[in-house]
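Before any comments, here is the structure.
By convention in this document, chain letters (A, B, ...) are assigned in the order of the sequence lines, proteins followed by strands, and residues within each chain are numbered from 1.
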Amino acid sequence: MINRLSIDYKQLPLIATIALFVLMFSFGSLRYTGFFSTQVFLNLFIDNAFLIVVAVGMTFVILSGGIDLSVGSVIALTSMVAASLTMEAQLSPVIVVPISLLVGTVLGMVQGSLIHFYNLQPFIVTLAGMFLARGLSYVISVETIAIEHPFFSYMASTQIPLPGGTFISISVVIAIIIVIIAIFLGHFTKFGRTIYAIGGSEQSAMLMGLPVGRTKVLIYTLSGFCASLAGLIFTFYMLSGYGLHANGMELDTIAAVVIGGTLLTGGAGYVAGSVVGVLILGIIQTIIVFEGTLSSWWTKIAIGVLLFLFIVLQRIIVIRSEKKQAKE
Amino acid sequence: MPERQPRLVMENIVKEFPGVRALSNVQLSLYPGEVHALMGENGAGKSTLIKVLTGVYSIDNGSVVLDGKTVHIKNPQDAQEKGISTVYQEVNLCTNLSVTENIFIGREIKKHGRLAWKEMHKRAEALLASLQLKIDVTKLLSSYSVAIQQMVAIARALNVSAQILILDEPTSSLDRDEVKQLFSVIRKLKKDGLAIVFVSHFLDQIYEITDRLTVLRNGEWIGEYMTEELDRVDLVSKMIGKELQELEAVTKNVSHESAERETFLTADQVGLKGKIHPFNFDLKKGEIVGFAGLLGSGRTEIARLLFGADKADQGTIKIKGEKLNFSSPRQAIVNNIGFCSEDRKAEGIIPELTVRENIILAIQSVNGWFRYISKTKQTKIADEYIELLNISPANPEQLIKNLSGGNQQKVMLARWLVTDPELLILDEPTRGIDIGAKTEIMKLMTELSQKNKAILFISSELEEILRTSHRIAVLRDRKKVSEYQNQKGLTQQELMKEMAGGM
């Protein structure tokens with residue numbers, strides 16, 4: 001029974017992340033008037049819904065021991081595709097939305113296949129994907145394409161009321177649905193468990209007779225899909241397509257996933273952790289806005305410091321669990 | 001036993017890798033209810049044979065007959081479906097997952113489209129209970145000892161209703177009690193009618209648990225024997241083989257007496273827990289000391305300790321009377337010690353570099369990275385050693401990966417000779433290379449000792465050790481068990497007896 005109460009080492013990063021979030025929220029609430037409100041908390045979701053969606057896909061990639069650098073560019077490309085199809089080709093959203101979602105899905109599948117069949121490093125394959133997608137967005141147009149369409153306006157401005165006079169956006173609902181599906185996928189399906197196994201040891205997973213190749217291709221396809229979906233949400237948010245959208249977003253995503261307690265080497269971590277990771281990035285920004293005088297670059301400094309702390313924490317946990325094992 | 005139908009018959013199995021024939025016409029037969037040992041030294045082809053049987057490699061020729069039917073094993077998954085399960089040497093499970101998951105992953109129990117964790121936990125507990133193990137199956141595998149992980153691996157193998165269970169060195173990281181427990185499980189499984197393949201370097205265990213054994217050497221099938229009918233010395237000689245003729249070329253030109261010479265290295269009760277029992281050892285200048293022992297006897301572990309690749313946790317090492325416990329190879333290199341690893345591919349050559357670049361690596365390390373050696377000088381050094389060691393092709397700009405094993409080994413030697421070491425540790429320098437190169441390397445060793453260099457020579461070929469060494473240390477079960485002056489009367493037979501032990 002005592003065993004059940006003691007904290008599992010591997011869950012420590014997640015617990016640390018949640019504690020950090022609570023701490024930061026309390027700090028903000030004490031320091032600034034108007035900070036401690038449900039709406040401020042919900043705004044974190046509204047402003048970062050797209051980041052939550054990308055982070056979900058990225059979590060699976062990192063859990064498997066890989067990395068996906070293409071997601072930021074895929075967001076930009078998706079926004080361009082959606083904008084140009086809506087505004088220039090005058091297509092209906094019924095067609096625009098599926099096509100936009102295919103953009104990242106197909107690119108992800110291609111990347112996953114390259115990684116698996118040619119045994120290439122995910123880093124370099126997705127780096128190529130990153131340049132490719134970014135470049136393609138400029139082929140569509142070098143200018144911003146503003147979107148004026150009832151569907152997009154509806155998605156952008158509809159507020160879903162919650163008790164207490166607060167509200168969330170449609171994007172938040174989409175993000176939450178994605179998170180729930182991802183948690184189910186991660187813990188209650190063969191696919192999810194195979195991802196953890198691959199991240200733990202790809203060699204072992206192969207020798208245990210698991211479908212390593214198929215799973216890896218699927219992981220990158222899923223990440224691509226999430227990036228495209230995030231791209232759509234981002235487009236709802238910005239109401240425009242632009243080649244510079246979400247520049248460097250892949251790095252924010254990786255930071256959120258790692259701060260959320262997922263081991264960069266794979267095999268350990270939770271989708272829920274990544275969500276908290278995103279919220280922490282969000283709350284840093286909120287605090288800086290409330291502070292008023294600080295430049296927004298302080299966000300980067302805070303993220304940098306946090307990342308350092310978290311990777312060191314993870315390393316210490318790994319070393320300690322290795323030592324513990326050696327003792328036995 | 002022969003009156004029963006064999007469960008598995010493998011015949012004329014051939015497996016080739018680029019440039020190497022890993023298995024040539026190997027055979028293996030397994031009967032239900034037997035424990036069958038697969039014996040052979042490193043590179044004999046045991047691992048390759050196991051990987052062929054488990055579908056990791058496909059065969060180039062030969063047939064696999066399972067329960068009377070010829071089968072083609074496509075991949076590990078396919079092998080498991082056919083009832084062939086393996087527990088690998090390095091437990092190949094995912095330690096980041098729970099015990100239950102490790103048993104069930106890949107064939108999870110599902111209910112209503114989702115994984116039924118409760119059901120799986122329950123079954124995992126029952127399965128482990130049948131192996132006399134009671135543990136919390138919901139915890140991560142990494143929270144348990146290697147012995148328990150091994151049991152979990154066996155439980156996983158059994159869960160596929162295995163008919164053939166392959167245990168690849170299952171005891172190498174277990175202590176005595178754990179081995180006992182494992183053996184009682186093996187006996188139970190044997191009674192249940194499983195055919196078990198057992199690979200181990202511990203001869204005591206082979207004689208305790210196995211019924212029959214198959215011996216491989218250099219990828220060839222040597223024979224199949226009833227374990228109790230083959231005595232230990234015969235077994236060892238079958239595993240090691242005698243390649244007498246090849247060595248006729250090397251004359252025993254070493255004066256087989258250790259004169260009063262200056263001691264270069266002294267090890268006093270040096271040991272590392274789990275790797276090697278504390279040992280005493282000294283090495284004089286101009287002396288070649290041979291280390292005889294089967295694989296896993298601790299010979300490489302000693303070499304690594306002396307070179308600083310591993311750090312001893314007890315005892316002292318003295319170099320020329322000065323106390324030095326190396327914590328990194330660089331310290332050893334600076335103290336004029338060179339080390340050619342037995343794993344040439346992984347720990348020796350840098351495949352994508354040229355012969356010249358490979359040769360100057362160690363001298364560069366001694367000089368410090370910022371003292372540039374001009375390319376002309378590098379080429380001069382390389383040319384000198386290419387000629388001295390007769391490396392072919394005699395082109396310093398050739399990529400080393402394109403050289404044959406023997407020539408790669410010579411480049412490794414050259415790398416250290418350039419630094420003019422006082423002690424050279426050679427771990428299996430003659431393995432996997434052709435006879436000519438073997439002879440040349442042994443001649444070179446003799447020459448070096450005449451130039452007052454100390455050499456620690458590790459080899460599985462007793463003939464080579466007897467020919468070149470002044471003194472011979474015998475290792476068994478991670479212990480240095482004895483030391484001989486190499487005199488005329490000393491025979492391979494005597495050494496083998498000592499290596500096999502338990503007489």
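Annotation for A:Gln121: atom CD does not count as buried by contact number, only 12 or fewer foreign heavy atoms lying within 6.0 Å. Remark: B:Lys311 NZ is packed, more than 12 non-hydrogen atoms of other residues, nucleotides or ligands lying under 6.0 Å away.
Below 4.5 Å, heavy atoms of chain B meet heavy atoms from A:Phe184, A:His187, A:Phe188, A:Thr189, A:Lys190, A:Arg193, A:Thr194, all part of residues 181-194 of chain A.
Using a 4.5 Å heavy-atom cutoff, the side chains of B:Pro76 and A:Met206 are in contact. B:Ile105 has its side chain within reach of A:Leu210: a pair of non-hydrogen atoms, C-beta onward, lies under 4.5 Å apart.
For a residue to count as touching a neighbouring chain, one of its non-hydrogen atoms must lie under 4.5 Å from one of that chain's; by this rule B:Asp78 does not touch chain A.
Counting heavy-atom pairs closer than 4.5 Å to chain A, the top residue among B:Gln80, B:Glu108, B:Glu81 is B:Glu108.
The side chain to side chain donor-acceptor pair (under 3.5 Å) pairs that include a residue from residues 48-57 of chain B are B:Thr54-B:Tyr88, where partners are two or more places apart or lie in different chains.
Looking at B:Asn96, its side chain does come within 3.5 Å of a backbone N or O of A:Tyr196 through a donor-acceptor pair.
Within the model, atoms CG of B:Leu97 and CE of A:Met208 stand 7.0 Å from one another, a figure rounded to the nearest 0.5 Å.
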